[in-house]
Protein chains: 2
Amino acid sequence: MQPDVTRLVFMKPRLREHTVTTWARLVRTETTLIDQVQKALKAAKLPPLGWYDVLLELKRAPGGELRQYEIGAQTLLTKYNLSRLVDRLQREGLVERHACAEDGRGNLVRITTAGTELLQRMWPVYGAVLEQQFERRLSVDDLLALENILQKLE
Amino acid sequence: MQPDVTRLVFMKPRLREHTVTTWARLVRTETTLIDQVQKALKAAKLPPLGWYDVLLELKRAPGGELRQYEIGAQTLLTKYNLSRLVDRLQREGLVERHACAEDGRGNLVRITTAGTELLQRMWPVYGAVLEQQFERRLSVDDLLALENILQKLE
DNA sequence: CACATCCGGTTGCATCTACAACTATTAGGG
DNA sequence: CCCTAATAGTTGTAGATGCAACCGGATGTG
């Protein structure tokens, strides 16, 4: 008698009782928090979170510049997505694109003073939400426990 | 001497040492997991996660039907977004729209047999990723701790 | 019951994202 | 060195999302 492949395919993966609900809660909580940040930024007439992420990566980098693929690796943005995002940032004068000496294919993206200024205007808004919706609600132990758990998921 | 408003606006919110890094890790981990699910679904030539969420809500509802705004409340989708998503589901024969007797403005969305079947085809793929990337990596205690922490963030 | 307001839902339009195809350059193997 | 393959980045096009304006139908207040 052959194994019934059909049943295998349709069989529910056996997951622990609370796994799915916790997963759902994780997704729900995270997206809600992100939404709150986005809303706060919009209310303050500031650009979306993606801009912040890219600018921050650049700001942190030595010389304030990175290759595009380096930004992509950090921010989980796809290359085509990033290409156009950098276009927008460039159009607003927040970054500059320079030819890359070592690699003729790529370019270096550098943050401008205007970019740094924008970062400084965005952080208070972003940070305020983080403070109220995230830090405020967690004890130091919670934070450590959460970090420990997240680490296991990477 | 007047208070220096400028300094206040530019002042960094005071966050605990690990708050920001943990937050970053949370976002990163969650989006990575979601990406993995999406990739798995795409590899199996199945529709995106959003379809699953809506269909599941309907499936769980008594009679397999819900008002659109009820779906929206559960899934955190905006109403215009949902309006068009239901259009797509309807076009594929996965749901039906019916006029609502009690409220002449709205409509009832009901899942079809095809919709239920799709759910059953999607779950194994979704669940497999959850099992390997989520459940497998966490102890029962981890899961409880995580649930406890997430609860505080809601 | 008349009126303004609110609410569920849809739609036009602009923006953004996904996918695949493309260019140009670098890297690797015989 | 040459040829192939891999990599960095861009772009055309289609699909999805966000915003604001809109259309009824419901609700509340005088």
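Note on naming: letters A, B, ... go to the chains in the order of the sequence lines (proteins, then strands), and numbering restarts at 1 for each one.
A straight line from CD1 of A:I71 to P of D:dA8 spans 13 Å, rounded to a whole angstrom. The CD-P distance, from A:Q38 to D:dT17, rounds to 15 Å in whole Å. Atom NE2 of B:H98 and atom C1' of C:dG8 are 18 Å apart (whole Å). One can place CG of A:L76 at 16 Å from C1' of C:dA18, the figure rounded to the nearest angstrom. Atom-to-atom, OH of A:Y69 to P of C:dA27 comes out at 10 Å; the value is rounded to the nearest Å. Whole-Å rounding puts the A:I34 CD1 to D:dG18 P distance at 13 Å. Going from atom CD of A:E102 over to atom P of D:dT7 covers 19 Å, rounded to whole Å. Atom CG in B:L49 sits about 16 Å away from atom C1' in C:dA18, given to the nearest Å.
Results of the side chain to side chain contact (heavy atoms under 4.5 Å, CB included) test with B:L146 over B:D142, B:L150, B:L144 single out B:L150 as the only residue that passes. Screening B:L77, B:N107, B:L85, B:L108 for a side chain to side chain contact (heavy atoms under 4.5 Å, CB included) involving B:Q68 leaves a single residue, B:N107.
Taking 4.0 angstrom as the limit, A:R105 places none of its side-chain polar atoms (N or O) nearer than this to OP1 or OP2 of D:dT10.
More than 12 heavy atoms of other residues, nucleotides or ligands shown are found within 6.0 angstrom of NZ on B:K152. More than 12 heavy atoms of other residues, nucleotides or ligands shown are found within 6.0 angstrom of CZ on A:R137. Atom NZ of A:K39 has 12 or fewer neighbouring heavy atoms from other residues, nucleotides or ligands inside a 6.0 Å radius.
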Identify all pairs in which a protein N or O lies below 3.5 Å from an N or O of nucleotides 10-16 of chain C, and state each distance.
from, atom 1, to, atom 2, distance (Å)
C:dT10, OP1, B:R97, NH1, 2.8
C:dT10, OP1, B:N107, ND2, 3.4
C:dT10, OP2, B:Q68, OE1, 3.1
C:dT10, OP2, B:Q68, NE2, 2.8
C:dT10, OP2, B:S83, OG, 2.7
C:dT10, OP2, B:R97, NH1, 3.4
C:dT10, O5', B:S83, OG, 3.3
C:dG12, O6, B:R84, NH2, 2.7

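Under a 4.0 Å N-O distance rule, the pair A:E154/B:R28 does not qualify as a salt bridge.
A 4.5 Å side-chain heavy-atom check between B:I111 and B:V54 finds every atom pair outside the cut-off. Looking at A:E147 and B:T21, their side chains come closer than 4.5 Å, going by heavy atoms from C-beta outward.
For the segment residues 54-66 of chain A, no residue has any heavy atom less than 4.0 angstrom from an atom of DNA chain C.
When each of D:dG9, C:dT26, D:dG25 is scored by its nearest atom to the side-chain atoms of B:D103, the top-ranked nucleotide is D:dG25.
Neither side chain, B:D35 nor B:T32, offers a donor N or O lying under 3.5 Å from an acceptor on the other.
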